[in-house]
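Labels below follow one simple rule: chain letters A, B, ... track the order of the sequence lines, proteins then strands, and each chain is numbered from 1.
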Amino acid sequence: MIVVENLHRHFGGFRAVDGASLEIATGSITGLIGPNGAGKTTLFNVIAGRLPPTSGRVLMDGEDITGLPPHELFHKGLLRTFQIAHEFGSMTVRENLMMVPAHQSGETLWNTWFGRKRIAEEERRLRDKADEVLEFLTISHLADQKASQISGGQKKLLELGRTMMVDAKIVFLDEVGAGVNRTLLNTIGDAIVRLNKERGYTFCVIEHDMDFIGRLCDPVIVMAEGKVLAQGTVDQVKSDERVIEAYLGTGLKNKIKEEAHG
Amino acid sequence: MMDVLNAIVALLNFVVIPGAAYGAQLALGALGVTLVYGILRFSNFAHGDTMAFGTAATILVTWLLMGAGITFGPLPTALLALPFGIGLTALLVLGTDRLIYRFYRRVKAAPVVLVMVSMGVMFVMNGVTRFVIGVDEINFADGGRFLITAREFRDMTGLQEGLAIRTTQVITLVVAVIAVALLFWFLNRTRTGKSMRAFSDNEDLALLSGINPERVVAVTWILVAALATTAGVLYGLDKSFKAFTYFQLLLPIFASAVVGGLGNPLGAIAGGFVIAFSEVTVTYAWKKVATYVLPDSLAPDGLLQLMGTDYKFAVSFAILVIVLLFKPTGIFKGKAI
Amino acid sequence: MADPFLIGSGMTGGYGGADILHDCTLAVERGEIAVIVGPNGAGKSTAMKAVFGMLKLRQGHVRLNGEDITHLSPQARVHKGMGFVPQTHNIFTSMTVAENLEMGAFIRHDDFRDTMAQVYDLFPILKEKRNQPAGELSGGQRQQVAVGRALMTRPSVLMLDEPTAGVSPIVMDELFDRIIEVARTGISILMVEQNARQALEIADKGYVLVQGANRFTDTGKALMADPEVRRTFLGG
Amino acid sequence: MSVNWRNIGLFGALAVLYGATAWIYGWNLTLAILNMGLVSAIMALGVNMQWGYAGLFNIGIMGFVALGGLAAVLISMPPVTEAWAAGGVRILLGLAVGAASLVAAVLVWSRMAPGRLRGVVLVAVLIVGFVLYSTVFDPAVMAVERTNPSATGYLGGLGLPILLAWPAGGVLAAGAAWLIGKTALGLRSDYLAIATLGISEIVIAVLKNEDWLSRGVKNVTGLPRPVPYEINLQQTPGFVAWAQEWGFDLATASSIVVKLCYAGLFIVVLLVLIWLVETAWRSPWGRMMRAIRDNEVSAEAMGKDVTRRHLQIFVLGSAVCGVAGAMMTTLDGQLTPSSYQPLRFTFLVWVMVIVGGSGNNWGSVLGGMLIWWLWIMVEPIGQNLFAVLTAWLPDGSWLKGHLRDAAAHMRLLTMGVIMLLVLRFSPRGLIPER
Amino acid sequence: EDIKIGISVGFTGPLESLAPQMAAGAELAFKEVTDSGLLLGGSTVSSVRADSTCIDAAAATAAVERIVTSDKVRGIVGGMCSGETIASLNNVAIPNGVVMISPSATSPALTSLEANGLFFRTSPSDARQGVVMTEIMQERGIKSVAVTYTNNDYGKGLADSFQAAFEAAGGKVTINAPHEDGKADYSAEVAALAAAGGELLVVAGYVDQGGSGIIRAALDTGAFDTFEFPDGMVSQALEDRFGAEINGSFGQNPASAGEGRDRYVEMATAAGFDGTSAFSAESYDAAALILLAMAKAKSSDPAVYKAEVLNIANGDGEVILPGQLAKALEIINAGGSVNYEGATAVTFVNGRESAGSYREIEFKDGKLEVVKYR
Ligand SMILES: Nc1ncnc2c1ncn2[C@@H]1O[C@H](COP(=O)(O)OP(=O)(O)OP(=O)(O)O)[C@@H](O)[C@H]1O
Ligand SMILES: Nc1ncnc2c1ncn2[C@@H]1O[C@H](COP(=O)(O)OP(=O)(O)OP(=O)(O)O)[C@@H](O)[C@H]1O
Ligand SMILES: [Mg+2]
Ligand SMILES: [Mg+2]
């Protein structure tokens, strides 16, 4: 369980995260929504150790993890994806996946010279695993492509794929859906559910596609102006006046209809 | 009282004024480096030699002018020749760009490749300058060298210590301040300046906004030529011209640009003074000042020097490193590519 | 039949390796909205770049208003009245929001303060942050800057590559709204969208691109109605 | 690795280049160039590890090379007993005091709560430390430097075989790199570059001015050799007989044999290093390093300890440069601090890496051997070029004289032109990263 | 026979502005000998230049390697700086048995270097000049001076030996600080020198390098107005550059009584270069020594003629000055003996280096004037 206590993150005078407190229950798929600039990504960045908080605490299963560097959080099972894809451009797509798992014996220099047999074996396993993930994401044909040369949406898929290479406890997904084809997004949604059910991953998902949120998330947290605005099930949130005003709007359909009538 | 005055004058004469002048000289050089870095996105190793070439060109024109009997009153004739020098240098760098750099922009070469290319250009310019004007030291300052000499000052004030101010020192300081103000204004307020920044930020998008990259590049190089030549000539007037020294200037100039924050004109100025003053002050021997200020009984035996002047270069770099540790992209937040 | 206002016809080409586009055709009439949808990696962005001249075509032509512009540079196309918002790297991160917009108006020599005001009206957050470097904005805010920059050009054709990726629903609605408005003033819009249902809703014409080739082409409504298209490309 | 004909062709061309040099100028010169070429290749390898593998922009190579050189002196020269007697121990003591006060200062900085008090204590510790240090250190230095200054005036070394200096040079450089890396590796791109440049200048300043350590600008000459002396060979009956049997000129034969010995040693070191780095680069370790180079933020989020890895590669790359530095000093037979110039020891090595192809070890080797060859051979090439170009001018004309004096500078000009040509036709280097 | 002689000096690098005049000096001697047609039955002498860079030992070694093994030079005038000289001597000249005569390498290490009789230098050792300087100052009643030296083995060696001699004679050196050549600014150095004070400033540097920069800055700030100039500084350039500003300053450089140096300067001027440039005269002498030794040994083989160099330099026959090489060759060819004095009063001590007789100069009315010889 992740607990965020009265978290602040300011940029100069600007309060990007302004006293947010929230909980992400173990085993849940928590949705995090809110208008652009609400502070969602900033919140992620603070939790994941990218940015130090101005004040406040983050607890993971009761342990204070505030300000730990990202790589240590990774080892504690906390993974994240980036809103703007961060691929390893000069490496192939497959290598992008294979580099993820921690504690590879081939990452120790000594072993690269004197433990080559073991490494070869490990590599085989990793490779199979990576190919599995690629298959799942429908991008097997890109396995040997340089990651800098794949399309914007494919990069998003790769982001997600990396989290599937290891046994994570909790995964923070920052707009995996933006720029991803909706059909594929449904498949991704299924995968998230499956990972959640079968492997017990906890998810926290930022997404602007309310259909996607609706299908996946149980508690939904709405942020606005750096604070938690509302919290509850999808339906509760969707009908919350404040949320509609700040985030959802009355919907395009209505407008078009109005025009047609008027 | 007299003693305190003497101490102050000694400090001014040996530390503050030379430091400020040297700082301004570095700053002018650093402005050119920072401009190339900011707009064209590479560290231009040929800058020292561009300065040398610009100065050499100006010297040749100065000689022509002098030969024709034209001088600039109390000011150095070289200032009259400066525009011609700038013109020639601009031609040179524009030619270099057309012939060499443009190709690498086209293939979107990594900045470090451009750095190496600029090193190649440095070698070539190095040869060209030496070919044009040779390797010897040249003094081309004429006109009144001093606003006030040390002796005049002593006679005037009756103090023991003299205070010398050179014309070129003042000119350099003034020019440096004006140049940075103009450059700042140009980059942040004018259409061309903004288009240059846009180009440096995101070349493709600049293209999509209808900005003509060749024009941006050309304007940048012309500015660089102007800055480099001015810096070179002012330095040469103050000290003297020598091709090798100009090449050696490259390191402190780079240090200034970096410590101030690359890509930032204000940073270049600040950096120039930081480097210059750290060279002059940290290794300063306080003996003279102390002798004036302290009572005779306490007059120091030693030099009261923290460190020998042999370490001045090292000290200025040490200070640079320390500044960077606290301000990783320079005093004024600079760019990092 | 008269040519459409902007047409890339029979485009074939790629990034130097294998072809990405195979005989792909995209067109948009004056004042109309054309929407391109398709799976990831289908070549939508590539097709847009091809139309804008950022890609060497092996075959095919691009014509604007009857004139063949196949061999013009992107920059020349800007001067011909085309505007483009790329999918990524679409803002000047080190420049302020206001300067980003100004750069959008770079080729204009008239007074563009009105347009700027309009953009601020459309995206109020940008007005608030106009003196902040655009690189410090949130993902959705950047997207708004990108679209705003393109609007500043006052183009006759506006090409948008996933303008709504990452923007919140309320802003997305506004954005589509505004796009309709823009189209009404006679500007042609060619855009790629993954929020396909909303996009096709307002589209006069829709293209489904698969593996660099046209799979379906029809009016937006018709595509929406096609069950196969819905299932395979629009997520049911 | 699949056979890459282009690369084999390039190395073939390099061999032809060296062969042609031998044909025109003789084997002696060729081997002399080859030997420094090999050393340069090792330096390039070290830089390539840092830049090509990790994207660390280190332009302080000169400092590490110089430290390698210092190691050669400290290991191989005989100790100067009078100097030790005059103040050797006291110097060590002084250094210990200095180090202790620095450590104390760091402790104060990190342990005490921020505030006015911390500043005061820090300054106090530093001042007291400095005073203590100078009272112990300075007189000792004076005493040491006064002992027979024209011949020694320094503490000397350990008197061990100079081959030991090669690994020792690596260790010394690695130690320095560790210190630098701990403090400065947080800096990015050109900021790191200028910081490393600065630190290398500091190293050189120390070498130039701390006479007790390595005689400063008075140079240490006559380092022992790991290979025989030509003169001794020329006086060895066995060798003389052998040379006569084959009809070799004695002087030529002896110097070629000596150079071949060096070449053999250098090639062994180079091959071992290449094997080590290539194997590592192709393993998961290499993959991780590439990931870090491509995108640090993401690599960190994927659980890689970027800071530690940067430090690791920085230390290793610097160590390789240190080894090369020790080898070079061994080859020269002397340590001349004033010869350490950034242009020659930092930027030229960078040219080697980039021209060869950054991110590719074989590229670095090729670049090292090629650029060094150029560095030496552009002089006669330039001279000949000028001779041909000015052949039509009458002897003794002003222009011819002017051109002739300028010819020397054509060395750098030719160098520049060739560099530009190479980079023009393969902007990613001759053997680009795969 | 066409005899090739190498000239290995730093045509590029920090001392690049001295190198052309040094090469020209050596070549002047080559030409003189060739024109006389008296060397080894009318042999001609041609020069092969090599760029020793002054600082890069490896490059210098390779360059010397080239002229020795490929061009087959029979002797070398060079190198220029001590470090590079020792490297090329050890790694090339000695193994290949080629004579090297350096005009400007002054490091004491060269005095005792095991060189198989192949190395000589026409520049005196630093120690000697320190003593001469001290004498001059004592005669002028100077008690306390500041010293700055160029930070290489030449400057350091000279400054140290001067300090030792001067202090032994009861003088006081207020500060003995180095300056780096080719740097952009010398304010810090001058500030420290000024703070230390002294009756005058000793500038043990090169006139074309930092030396001038130091003087300029010292004059401009009024820190010092009299200077003492050792051999690296004394040249026409000094007069041209500072003239009356340094009236009353003095110095010394190697030259013998009689008009050796003056004749050389005249010859140089006629040949179109500045013969007063530092170490140019020494280069002429180095070249002349090699050629005369060849004549004396009747062989251009260095292994043979190396033994005669000393006999030429310290011979007991007729004194030979610049421009008299033809005469010398005649005498030698006739079986006679000569005493080569040349432009810099060449007399060898320790079997290989110039003992150094000096002339004292002084600036009066902006002109460099010779005071006396010692
Ligand atoms: N480095 C920074 N400096 C200054 N302001 C920043 C910085 N980073 C983010 N901000 C501001 O903080 C606010 C929150 O940004 P954040 O990226 O967290 O939003 P978000 O909720 O993720 O929005 P989106 O849905 O658009 O991605 C924004 O208004 C943004 O402008
Ligand atoms: N710079 C490039 N070099 C080489 N191949 C590329 C490059 N960019 C994209 N590709 C390849 O071209 C194909 C089409 O890419 P494109 O970006 O056009 O897809 P897209 O339809 O826009 O997808 P998305 O919806 O994910 O943005 C992809 O398979 C991708 O791998
Ligand atoms: Mg976000
Ligand atoms: Mg796309």
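- Under 3.5 Å, the side chains of E:Ser299 and E:Arg74 contain no donor-acceptor pair of N or O atoms.
- Between the side chain of E:Tyr154 and the backbone N or O of E:Gly232 there is at least one donor-acceptor pair closer than 3.5 Å.
- Interface residue E:Thr53: only side-chain heavy atoms are found under 4.5 Å from chain D.
- For chain E, the nearby part of D:Trp372 is the side chain; its heavy atoms alone come within less than 4.5 Å.
- With a 4.5 angstrom heavy-atom cutoff, D:Asp249 does not touch chain E via any of its atoms.
- With hydrogens and angles disregarded, no donor-acceptor distance shorter than 3.5 Å links the side chain of E:Asn350 to the backbone of E:Arg352.
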Give the table of side-chain donor-acceptor pairs shorter than 3.5 Å for residues 325-332 of chain D, with sequence neighbours excluded, one pair per line with atom names and distance.
unit_1, atom_1, unit_2, atom_2, d
D:Thr329, OG1, D:Gly325, O, 3.0
D:Thr330, OG1, D:Trp166, NE1, 3.0
D:Thr330, OG1, D:Ala326, O, 2.6

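- Contact annotation for residues 222-236 of chain D against chain E (heavy-atom separation below 4.5 Å, listed by residue number): D:Arg225, D:Glu230, D:Ile231, D:Gln234.
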message: Apply side chain to side chain contact (heavy atoms under 4.5 Å, CB included) to residues D:Asn28 and D:Ile256 and explain how you reach the verdict.
response: CA-CA 6 Å; D:Asn28 245 319; D:Ile256 286 184; 4.0 Å; yes
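- The aromatic rings of E:Phe162 and E:Phe166 lie parallel to each other, their planes meeting at an angle below 30°, with 60° marking the opposite boundary.
- Heavy-atom distances place the side chain of D:Asn209, and not its backbone, under 4.5 Å from chain E.
- Residues E:Asp56 and D:Ser339 have side chains that never bring a donor and an acceptor to within less than 3.5 angstrom of each other.
- Using a 4.0 Å cut-off between a side-chain N of Lys or Arg and a carboxylate O of Asp or Glu, E:Glu353 and E:Arg128 do not qualify as a salt bridge.
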